[in-house]
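Start at 1 with the first residue, then count along the sequence.
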Amino acid sequence: MAQDSNIAMAEARSNLTGSNERSFQELNDAYKLPTDSDEHSRLDLQHEAVKLMLGGNIYQSPELVKAALSPREDLKRRVLDVGTGSGKWYEDTIPLKRVSEAIDMAEEFPHADVLGVDLVMPNVITDSSRRLPPNCSFRVADANEDMGKTDITYDLIHQRCVESGIHDSDLFFFEAARVLRPGGVLLLVSAIPQLVDGHGKITPLQKPGDEGYHLVSYVMKIAVGSGPLRFRNPFWKSILENNPNYSNVRIQEILVPTGPWPNNLGDTGRKLAETMQRNLLHLLPAFKAMVLRAKEFPEEYVDNLAEGAAKEIRELSPVVHGYSKWVFAAAVRTENPWVARKDPWQEPEGYDVYDDIIRPLPKDAVLEGKSNLTISNGRSFQELNDAYMLPTDSSEHSRLDLQHEAVKLMLGGSIYQAPELVKAALSSRENLKRRVLDVGAGSGKWAIDMAEEFPHVDVLGIDLVLPNVLTDSSRPRPSNCSFRVADANKDMGKIDFTYDLIQLRCVGTGIHDWDLFLFEAARVLRPGGILLLVGANPQLVDGNGKIIPLQKPGDEGYSHFQDIVCCLSDLLVTPGQIQLWQPFWKTCAGFLTSRTPVKQAFDTDFYTAPSILENNPNYSNVQIQEILAPVGPWPNNLSDTKRKLAETMQQNYLDILPAFKAMLLRDKRFPEEFVDNLAEGAMKEIRELSPAAHGYSKWVFTAAVRTENPWVARTDPWREPEGYEMYDYFVRPLPKEAPNEVFLEYLTPRAQTKMGAADPSRHVAAADGQAIVVWDFDSGDSVGYTVKQSKDAYKNIANQILKTILTLSHETNETSALQVLPYA
């Protein structure tokens, strides 16, 4: 027996694989839970919970069990435990007296041989300090494949909480009947991994941000969704009663509170509730490991979700005041000869699996928005919109919360500009439901603040990912605030609701066509509704709002911060992407000219300027406000409020620099060592208030009113004004000096030999006193553009009515030279 167990144990170990610090078996793809010592410890805890449910027994229907296992001199009684699970459980390193179901049965019925089978061996086998009863043994087996191979007969077969690993419950019951002696007993135990109400009905999954949303069910949902889990326990009675091999079928359901939250629990009821609470807390890390193993969700998101769910269970949050539903079944093997299965059992007509498993949210909820994230250089980035390049993780959302506080300081404590327009648009009316749309909701802070300030208004925040606030149960969300995943470029045209206010803050790089977006925003704004736009250029400007020029490295006035922003411009202003930035700054800055006054911080006078909004027939009363906020408390004689703003802005820049660094490293255009040094230098400048960083952050606040006239669709795309210079809004590359030779943007072999590949081309050029020629446009032939695509690209750039343009055609194929260039 011992030799067989050792062989089986060795085989069992060979089918284990490690993932996210947990062990999983590989014999049965349908069983997704870990199969390691942590899980076996949890199963022992669960065993204690079952004993409490059954009044101290380790099995249901005790009269049937004891009759089936009554001693007989002429007969050896045998018990088969399918999915035997655990061996030893420790709590604070103190072992319990009982260590597994199979061992408990062997000790209670010393005259019966008890065999436990599972996909792995229990850990108790390897513990020499534990003496196993001589009538208890274990084997590695898969019930789906091995039940049909055994010829030994048993008086009792027990299966507990392994239903997800059984491929065909109907077939399993037939095979179990084949090896059960007449009069033998089949025991089944199952618990569905979701919360139910006091009537045993599954608690519906709510949308994040809606009332009743809780993380426990969502963790369970995505865990269940990571594999083909099907639960047949609702049909056990029907399946067993339709099986000619069984009689006396019994079903018992028990609802166990997920913690000691109900009032008036007795001592036993409280102990059971506390044990179930601990069981769930142990189960959540297993669910987390299952989800991470499936690789459908980013690690950071799953960590936050599991942590929040554990907090809900641990603190008995009202959102998880529910029950765990346990089903116990017993059936007696008839005295008749075994009958093989002829026709597989069929689900009843009209059966909805989501009566027994958490129903997914409707597609419009787009909960799976989190699954579009990728990890790069320790930061998470979304993949729905290539134009928006900042990270979209918890660190960035924390920075956005800080930025929100800075904006409030700029606006004198308000969370929006043009307060008289906003309050008029959101004034309460009995016959009208007011709605606000926050495009690019980010951390969700603005949407939540708006929902609290205007409790009669429904506030919807949309973004490329869901805000992390949804996974933080310590931060309550108002019932009138919700969030969805959406891309404003694609989804604005699908919205049929009308809104009284639309806000968009600091997501300008993510809008492909600002003119089109503003037309679509007007379409869903009610007449008299308000459009609010907020933008901030990331580079430092002087006291007149003009960008501080970039100096050569080593020269007086050189700024690492301006240099890293210039590198970002290189990244963002690439062939096919230049349009992503220009329209935002033109729109928000309203094409401000040199004669337009610059507003210092807290100068709240509004002014208007000709802009893309004023050329849109759907808007009126366009207001523009510029505010310059010092990046750090370096100016003298700052008031308390202005000092607080300066310090907040300093911290905001310190927090955004790691994001800039991750963006540059993700692009892989710049060597890692160069980016590290540049980011470190910029951090030092901002942190130490170096004169090189004595500058301002320029913020532009825009408001416009939707006219009372019927909406007018766009007919002709808006054009850039003649004479527009993009470097009025971006850090200009290093100035030209009488060059010895022209130096292209990317490293030439000579420069690589001379300087090594560790410096970007513009720094090599600066060292040689060379000019930089950066092309404005790439025909795309080197990346697979068709002739038509290249021609369309030329046509689009020509339609911008630019005075001069430097184009690049690689001529990687014959059609570039013979068809594209003549067209150009």
- prompt: So do the side chains of Asn489 and Ile511 get within less than 4.5 Å of each other, counting heavy atoms only?
  reply: yes
task: Please examine the side chains of Asp676 and Lys661, heavy atoms only from C-beta on, and report whether any two atoms are closer than 4.5 Å.
output: yes
Under 3.5 Å: donor-acceptor pair, side chain of Asp463, backbone of Gly442: yes
task: Would you check, one step at a time, whether the test ring pair (Phe, Tyr, Trp, His ring centres under 6.0 Å) holds for Phe519 with Trp514?
output: CA-CA 9 Å; Phe519 270 92; Trp514 266 92; over 10 Å; no
query: Glu405: what forms a salt bridge (charged side-chain N to carboxylate O under 4.0 Å, His left out) with it, not counting sequence neighbours?
result: Lys408
Beyond-backbone contact of Leu568 with Phe660, side-chain heavy atoms, under 4.5 angstrom: yes
message: If you define the side chain from C-beta out and look only at heavy atoms, does anything of Val407 sit under 4.5 Å from Ile415?
response: no
- prompt: Considering residues at least two apart in sequence or located in another chain, which fulfil the side-chain contact (heavy atoms from CB on, under 4.5 Å) criterion with Ser395?
  reply: Arg379, Asp393
- request: Output yes when a side-chain donor or acceptor of Thr392 lies under 3.5 Å from a complementary backbone atom of Gln382, and no otherwise.
  value: yes
message: Between Asn544 (side chain only) and Lys546 (backbone N and O only), is there a donor and an acceptor less than 3.5 Å apart?
response: no
- request: Classify the angle between the aromatic ring planes of Trp699 and Phe701 as parallel (below 30°), tilted (30 to 60°) or perpendicular (above 60°).
  value: parallel
query: Taking C-beta and beyond as the side chain, do Tyr388 and Asp487 meet within less than 4.5 Å on heavy atoms?
result: no
message: Check whether Gln539 reaches the backbone of Ile548 with its side chain - one donor and one acceptor, N or O, closer than 3.5 Å.
response: no
message: I'd like to know if the side chain of Gln562 and the backbone of Leu540 have a donor-acceptor N/O pair within less than 3.5 Å.
response: yes
query: For Glu685, does its backbone N or O pair with a side-chain atom of His560 as donor and acceptor, under 3.5 Å?
result: no
message: Strictly distance-based, threshold 3.5 Å: is any side-chain N or O of Gln417 a donor or acceptor partner for the main-chain N or O of Leu533?
response: yes
task: Consider only side-chain N and O atoms of Tyr696 and Asp542, and report whether a donor and an acceptor are under 3.5 Å apart.
output: no
- prompt: When you check the side-chain N and O atoms of Arg399 and Asn652, is any donor under 3.5 Å from an acceptor?
  reply: yes
- prompt: Side chain of Glu688, backbone of Ser690: donor and acceptor closer than 3.5 Å?
  reply: no
field: Side-chain donor/acceptor of Tyr619 to backbone N/O of Leu518, under 3.5 Å
entry: yes
message: Please check: side-chain N/O of Asp513 versus main-chain N/O of Leu516, any donor-acceptor pairing under 3.5 Å?
response: yes
message: With heavy-atom distances below 4.5 Å as the criterion, would you say the side chains of Ile564 and Leu664 are in contact?
response: yes
message: Looking at every non-hydrogen atom in both residues, tell me the closest pair between Pro633 and Leu638 and how far apart they are.
response: CA-CD1, 3.9 Å
- request: Start with the C-alpha distance between Tyr653 and Phe561, add both sets of side-chain angles, then the distance that settles ring pair (Phe, Tyr, Trp, His ring centres under 6.0 Å), and finish with yes or no.
  value: CA-CA 10 Å; Tyr653 270 57; Phe561 184 85; 5.1 Å; yes
message: Taking Lys445 first and then Asp438, would you say they form a salt bridge - that is, a charged N and a carboxylate O separated by under 4.0 Å?
response: no
